[in-house]
> 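Next up is a structure, given as structure tokens.
Atoms considered below: every heavy atom in the structure, side chains included; atoms not considered: hydrogens, waters and symmetry mates. The shown structure was predicted, so the numbers you read here are calculated from the model rather than taken from an experiment.
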Amino acid sequence: MFRPKLPTMPQPTGVITPPTVVEPTSITPGTPAPPPAPTAPVPGRSTIQVTPGTALALVGGGTAVVLVVGAVLVSMLLAVAITGVSVALVAVVLRLLVNDMHKGR
């Protein structure tokens with residue numbers, strides 16, 4: 001039950017051509033290639049040095065982002081809950097009004 005079932009590979013269909021034999025060839029020496037011209041060294045990437053102040057700023061910024069996103073999500077959840085409760089109350093009041101109209105009071 002907990003072991004994965006691996007699919008079986010389908011067998012090839014149709015005409016199968018036999019593999020071709022590659023014959024070795026000899027390499028004839030030619031004129032030597034000139035050495036490549038020296039190029040200017042490519043400057044490497046600048047390294048980022050994280051100081052204690054920078055690390056503290058990053059942690060503070062990350063904490064602020066998490067708190068703001070959390071506050072927004074909680075407020076949205078609260079708005080949905082309040083809307084649901086108010087819709088339920090309106091439904092109960094309308095049901096009572098409709099029942100009173102059918103009784104003829």
> Consider side-chain contact (heavy atoms from CB on, under 4.5 Å). Of N99, V92, V98, which one does R95 pass it with?
N99
> Table please: side-chain donor-acceptor pairs of residues 67-80 below 3.5 Å, with sequence neighbours left out.
from : atom 1 : to  : atom 2 : distance (Å)
S75  : OG     : A71 : O      : 3.2
S75  : OG     : V72 : O      : 2.7

> Taking only residues two or more places apart in sequence, or in another chain, which ones meet T8 in a side-chain hydrogen bond (donor to acceptor under 3.5 Å, both in side chains)?
none
> Side chain to side chain donor-acceptor pair (under 3.5 Å): which pairs involve residues 51-62, sequence neighbours left out?
T51-T54
> When rounded to the nearest 0.5 angstrom, what is the spacing between CG in L94 and CG in L89?
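If we round to the nearest 0.5 Å, L94:CG and L89:CG are 11.0 Å apart.
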